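See below for the structure under consideration.
The chains referred to below are lettered A, B, ... by the order of the sequence lines, with proteins before strands, and numbering in each begins at 1. This structure is a prediction, so every number in the text was calculated from the model and none was measured.
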There are 2 protein chains.
Amino acid sequence: MAPIQNARVLFNSVPENYPIPGETTVYDTTQTIDLEAVPLNGGFLIKTLVLSVDPYFRGRMRKPEKKSYAPPFELGAPIYGHGVGLVLRSENPAVEVGKHVYGPNILHQEYVVLKELGPATVLEKHPKLPWTAYLGAAGMPGQTAFVGWKEYSDAKPGEVAFVTTGAGPVGAMVIQLAKQAGLKVIASAGSEEKVKFMQSIGADVAFNYKTTDTREVLAKEGPIDIFWDNVGGDILDAAIEHAAINARFLECGSISGYNGAHTPIKNMSMVVGKTLHIHGILVFRLLPKYYKEFYDTIPAKLASGELKYSEDVTKGLDKVGDVILAVQKGTNKAKAVVVVAEE
Amino acid sequence: MAPIQNARVLFNSVPENYPIPGETTVYDTTQTIDLEAVPLNGGFLIKTLVLSVDPYFRGRMRKPEKKSYAPPFELGAPIYGHGVGLVLRSENPAVEVGKHVYGPNILHQEYVVLKELGPATVLEKHPKLPWTAYLGAAGMPGQTAFVGWKEYSDAKPGEVAFVTTGAGPVGAMVIQLAKQAGLKVIASAGSEEKVKFMQSIGADVAFNYKTTDTREVLAKEGPIDIFWDNVGGDILDAAIEHAAINARFLECGSISGYNGAHTPIKNMSMVVGKTLHIHGILVFRLLPKYYKEFYDTIPAKLASGELKYSEDVTKGLDKVGDVILAVQKGTNKAKAVVVVAEE
């Protein structure tokens, strides 16, 4: 078989503020691949089906000398993240042809030879769910919400939770876990459409933080016992101000500072008087404890509709740069996924 | 018996920055008391023996409309805090004459009629300890260290702890608890004398933060697994920078901001990537759980010398204003106590 195009998305330059499609990342079609002849060296070949675009990508678009929990993207090389690939060929007995591989190490490239699974796994799909669901509610973001909530929320019926980016895949799962636990849920997002979605999944008080003052909402509907923070900065300060005694803060991200400078926190001294408990959450440090429980329960609940999810699907690997920017600006409508190819 | 002087320390004005002796508080000798005739109304009369002066006093010197965990001092009324009084007369069967009462509600006044014990308790003294010890290592500050450490340190042998204000009664107890748990202890304070004391109680690395750069010490001796924070502000930022993955932060105070503005915290976004755990600590919210264990073990260890403590004793109720200022400035040499009267 003749070599065919193997398009990819390359990391091209470190952005100063927001990433710029075509400059920060470039879509490259110069490479080809011979699917039958490409050597596997004990590994396997996948056809990339779907790719996830997540807020944490921004942190990887940095100079390599800057340390952080996720390794930086390599300049000139394809970016990578969570994705699902169909196994076309394999020399690894644990990875059978026709199966699907899911993991955080899937290149943004049409076809990929992986030497080993690494952090990826061979995943069985629930028959009623699309593969894209495994990038959001049934994947890393859903796991993030699940493990963080299980480990640190200490939720009690009647308590009040405040969830930011409540229309995203993490926030939406947190809203539903909080409602199932019997809490009153306040949730914020950045558009009227997202507010409607948050209401549809059970948020008691849903508001658009761009048009409604967060402090006014918290003053009226709080104090809050649990804060799920994906935003950081001034919203974190507002949450501290309106926290109840012994409140738990689940710190999952701080997107308000990803594309510029982080706003310093003015109210940290209140942590003592309110005896607050603030926990940083990274899914991969907690997942081993909850992995089985997550896959035993969440996909089935998503398939039955007991848990709801929402996706913003973009078709075409060439659109990845635009989707990355939309996720940083919050102009995506729901969990951002890119469909690269059909099975 | 004729009425005698009943001197007291009055809260006179809300300070803008540091409290000013004679202005923020005034020593007043205009009142008298007839010890035999003063009506008890079911309560009891105590002779104030020793009084504690603590950092948190500053937070109580505020306008009453400003909320905080400890009630504000009342303008024109005596200030109050932890103290020990000898019971001279009593109409309360639970409070016998000749016994001693210890609690956070002892007026800075030579003689006090208390209607009820309230948060105070009748306390038996270890024969080898002075009453002043019950204001520091064997009292509220020692309890603070004990309950915070027990509840939140999750200390494991070989870990590294960083303790601020390590020559104070809280910090000194934390240093010793950390050493007993098998940790390496880095400790800071603001004078060479305090550094020597911290070394004498076991700190592996003791330094004067006024002459040595905290970040340099932490870069060399860290990263830190446990941070005991009595200071806040820039030192909290430094600790976040030099925290290990999954480090525990025990937030007990932020004296760097008590006499002016709190310095905003720049590094809070690192809480996610390092999965830090930050806990606010107030002794009275945890003490019920550990009260018996504390009094069953700590006074005896202090008496035997297994645990060490240090005091800066001032004689005379008229000196309280000076001692308050010294504690805020850190010019006291150790736990500040005021001896009002002998038994």
Side-chain angles (χ1 to χ4, degrees), chain A residues 55-56 58-60 66-70 144 147-148 151-152 223 229-237 239-241 243 245-258 260-286, chain B residues 55-56 58-60 66-70 144 147-148 151-152 223 229-237 239-241 243 245-258 260-286:
Chain A
Y56 82 91
R58 183 61 185 83
R60 310 183 71 169
K66 206 172 151 190
K67 282 186 184 173
S68 186
Y69 61 92
T144 301
V147 303
E151 187 77 5
Y152 299 119
D229 188 12
N230 286 327
V231 174
D234 184 55
I235 298 299
L236 172 53
D237 260 339
I240 295 174
E241 274 167 56
I245 301 291
N246 292 328
R248 286 79 66 199
F249 278 45
L250 287 74
E251 295 295 314
C252 182
S254 52
I255 198 164
S256 67
Y258 288 176
H262 287 286
T263 305
I265 306 302
K266 299 190 185 101
N267 292 331
M268 273 302 287
S269 66
M270 293 186 193
V271 166
V272 180
K274 295 190 175 199
T275 51
L276 302 184
H277 303 286
I278 302 178
H279 300 281
I281 293 166
L282 282 185
V283 58
F284 60 84
R285 294 201 184 124
L286 287 170
Chain B
Y56 81 92
R58 182 62 185 81
R60 310 184 69 169
K66 206 173 150 188
K67 283 185 182 173
S68 185
Y69 62 90
T144 301
V147 303
E151 187 77 5
Y152 299 119
D229 188 11
N230 286 327
V231 173
D234 185 55
I235 298 299
L236 173 53
D237 260 338
I240 295 175
E241 273 168 56
I245 301 291
N246 293 328
R248 286 80 67 199
F249 279 45
L250 287 73
E251 295 295 313
C252 182
S254 52
I255 198 163
S256 67
Y258 288 177
H262 287 285
T263 304
I265 305 303
K266 299 191 185 100
N267 292 331
M268 271 303 284
S269 65
M270 292 186 194
V271 166
V272 180
K274 296 189 174 200
T275 52
L276 303 184
H277 304 284
I278 302 178
H279 301 281
I281 293 166
L282 282 184
V283 59
F284 61 84
R285 294 200 185 126
L286 287 170

Using non-hydrogen atoms only, which part of B:L250 is less than 4.5 Å away from chain A: side chain, backbone, both, or neither? neither
Scored by heavy-atom pairs under 4.5 Å with chain B, the best of A:K266, A:M268, A:K274 is A:M268
Between A:G232, A:G233, A:C252, A:G257, which shows the greatest number of heavy-atom pairs under 4.5 Å with chain B? A:C252
Minimum heavy-atom separation for A:T275 to B:L282, with atom names? CG2-N, 3.5 Å
What is the minimum heavy-atom distance between A:V272 and B:E251, and which atoms define it? CG2-O, 3.5 Å
Walk me through it: do B:I245 and A:R285 pass the test side-chain contact (heavy atoms from CB on, under 4.5 Å)? CA-CA 10 Å; B:I245 301 291; A:R285 294 201 184 124; 3.3 Å; yes
Residue A:L286 versus chain B: region with a heavy atom under 4.5 Å: neither
For B:N267, the side-chain hydrogen bond (donor to acceptor under 3.5 Å, both in side chains) test, sequence neighbours excluded, returns B:D237, B:E241
B:H279 meets the side-chain contact (heavy atoms from CB on, under 4.5 Å) criterion, sequence neighbours left out, with A:H277, A:H279, B:Y152, B:H277
